[in-house]
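Before any comments, here is the structure.
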Number of protein chains: 2
Amino acid sequence: MAISEAEAVVMDVLWREAPLSAEEILAEVGPAQNWQEGTVKSLLNRLLRKTAVHAERDGRRYLYTPLLTRENYVQQESKGLLDRLFGGRVAPLVAHFSEQRKLSKKDIAELRKLLQELDDEH
Amino acid sequence: MAISEAEAVVMDVLWREAPLSAEEILAEVGPAQNWQEGTVKSLLNRLLRKTAVHAERDGRRYLYTPLLTRENYVQQESKGLLDRLFGGRVAPLVAHFSEQRKLSKKDIAELRKLLQELDDEH
DNA sequence: CGGCATCATTTACGCGTGTAAACATAATTG
DNA sequence: CAATTATGTTTACACGCGTAAATGATGCCG
């Protein structure tokens, strides 16, 4: 089953640093999210059930480690969107943003560089 | 409120052709989706409540027209994903797909052309 | 050892979703 | 006009999600 948005917030913390205890995760995420301890625990348990994280006892508490990688998650999410909206391909998405004038200078520069590099690797 | 995935399937039909009656929408979407009439009716009613479509009486039935445009919807969805996963910018998404070797020849060719055109418009 | 503190696990609850049955209403036809 | 048909509207229900309270278990301290 797919992991939800709130769950992804927890994963984000773990992707930055792991293993972490529930308390440490709360400390990272509580201020921005205004979550209580129980909320984080619930999310962690759902992530456990989905085998997106692994828990390992550390004395009285658990330390959580991601099993699902960020690359994997990003890939799933992005592919889902591309499939639903752009026939599964990247270029049409970029074209869409281009038409909406939503490409920044920086985007354009980076895209140029990227294509250049693709060239270079012969 | 955002429109859901099942609702988007109905919208998709209406974006291709409108106005359409519930029955016509069902005919378009039923085979692929295995939906009953009631399902489509419910989705249409939720879309009405969300003011994503407009209904206009046509004798005994209604004809439905999209109010939300496809461009708008695509924009919202795409921006959502970019914001959540790529710091709101397009280039990092393309970079991600590039790293995962998920850019097709066609994608690359189209991206080239796109950048070329951006150049040309001075 | 028994009670408090510390974690984790379970249960809860309102809300949206996917899916559809039940019900209402209005037109059609015998 | 009454029964049937065609539509639309309301209600339902299980499930995941966001959020958290209630409960359970475990180790520490006096």
Side-chain angles (χ1 to χ4, degrees), chain A residues 1-14 18-66 68 73 76-77 80-81 84, chain B residues 1-14 18-66 68 73 76-77 80-81 84:
Chain A
M1 196 190 316
I3 92 179
S4 77
E5 212 164 310
E7 287 158 7
V9 170
V10 170
M11 291 304 287
D12 250 319
V13 176
L14 290 173
L20 289 180
S21 67
E23 195 188 5
E24 291 166 322
I25 293 171
L26 177 63
E28 283 286 316
V29 101
Q33 232 68 26
N34 255 76
W35 282 344
Q36 306 293 110
E37 180 123 10
T39 303
V40 172
K41 300 275 180 68
S42 277
L43 293 173
L44 281 170
N45 274 311
R46 288 174 187 174
L47 287 169
L48 278 171
R49 251 186 283 125
K50 297 179 182 181
T51 62
V53 304
H54 167 77
E56 140 186 56
R57 189 136 233 151
D58 170 50
R60 60 177 109 222
R61 66 197 188 156
Y62 281 102
L63 295 182
Y64 299 88
T65 316
L68 176 65
Y73 173 70
Q76 283 171 215
E77 291 290 301
L81 184 97
R84 277 191 301 118
Chain B
M1 195 189 317
I3 90 179
S4 78
E5 212 165 308
E7 287 158 6
V9 171
V10 171
M11 291 303 288
D12 249 320
V13 176
L14 290 173
L20 289 180
S21 68
E23 195 187 6
E24 291 167 321
I25 294 171
L26 177 62
E28 283 286 315
V29 100
Q33 232 69 27
N34 255 75
W35 281 345
Q36 305 294 110
E37 179 122 10
T39 303
V40 173
K41 301 274 180 69
S42 278
L43 293 173
L44 281 168
N45 273 311
R46 288 176 187 173
L47 287 169
L48 278 171
R49 250 186 284 124
K50 296 179 183 182
T51 61
V53 306
H54 167 77
E56 140 185 54
R57 187 137 235 150
D58 169 50
R60 61 178 108 223
R61 66 199 188 155
Y62 281 102
L63 295 182
Y64 299 89
T65 315
L68 176 64
Y73 173 71
Q76 282 171 215
E77 292 290 301
L81 184 97
R84 277 190 302 119

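By convention in this document, chain letters (A, B, ...) are assigned in the order of the sequence lines, proteins followed by strands, and residues within each chain are numbered from 1.
Summary of the strand contacts: A:Leu43 and A:Arg60 both lie near DNA chain D, and taking for each the nucleotide with the nearest heavy atom, the more 5' one is attributed to A:Leu43. Heavy-atom nearest nucleotides on DNA chain D were determined for A:Glu5 and for B:Ser21, and the one closer to the 5' end corresponds to B:Ser21.
Backbone-only contact: A:Ala2 has heavy atoms under 4.0 Å from sugar-phosphate atoms and none from a base.
A sub-4.0 Å separation between OP1 or OP2 of C:dA20 and a side-chain N or O of B:Thr39 is present. The side chain of B:Trp35 places an N or O atom within less than 4.0 Å of a non-bridging phosphate oxygen (OP1 or OP2) of C:dT19.
For B:Lys41 and D:dT11, the NZ to C1' distance is 15 Å, given to the nearest whole Å. Spacing between atom CE of A:Met1 and atom C1' of D:dC17 amounts to 11 Å, rounded to whole angstrom units. One can place CD of A:Glu24 at 11 Å from P of C:dA8, the figure rounded to the nearest angstrom. Remark: P of D:dT26 and CG of A:Asp58 are 16 Å apart, rounded to the nearest angstrom. Atom-to-atom, CG of A:Leu20 to P of C:dC7 comes out at 14 Å; the value is rounded to the nearest Å. When rounded to the nearest whole Å, the span between CG of B:Leu63 and P of D:dA6 equals 18 Å. Put simply, CD on A:Glu37 is 16 Å from P on D:dT19, counting in whole angstrom units. When rounded to the nearest whole Å, the span between CZ of A:Arg57 and C1' of D:dG27 equals 11 Å.
The backbone N or O of B:Ala22 lies less than 3.5 Å from no partner atom in the side chain of B:Lys41, so there is not a single donor-acceptor pair. For the pair B:Glu24 (side chain) and B:Ser21 (backbone), a donor-acceptor distance under 3.5 Å is present.
Distance from the side chain of B:Arg61 is smallest to D:dT7 among D:dT7, D:dT9, C:dT11. Closest to the side chain of A:Ser42, out of D:dG18, D:dT7, C:dT10, is C:dT10. The side chain of B:Glu23 approaches D:dT7 more closely than any other nucleotide in the set D:dC17, C:dT17, D:dT7. Distances were taken from every side-chain heavy atom of A:Gln36 (C-beta onward) to each of D:dA20, D:dG18, C:dT17; the shortest belongs to D:dA20. Comparing D:dC17, C:dG18, D:dG8 against the side chain of B:Tyr62 picks out D:dG8 as the nearest. Residue B:Asn45 has its side chain nearest to D:dT10 when only C:dG16, C:dA20, D:dT10 are considered.
Residues B:Leu48 and B:Asn45 form a side-chain contact, since some pair of their non-hydrogen atoms from C-beta on lies under 4.5 Å apart. Proximity of A:Leu20 to A:Tyr64: side-chain heavy atoms (C-beta onward) are nowhere separated by under 4.5 Å. Residues A:Glu77 and B:Arg84 are in side-chain contact: their nearest non-hydrogen atoms beyond the backbone lie under 4.5 Å apart.
A donor-acceptor contact under 3.5 Å links the side chain of A:Arg46 to the base of D:dT19.
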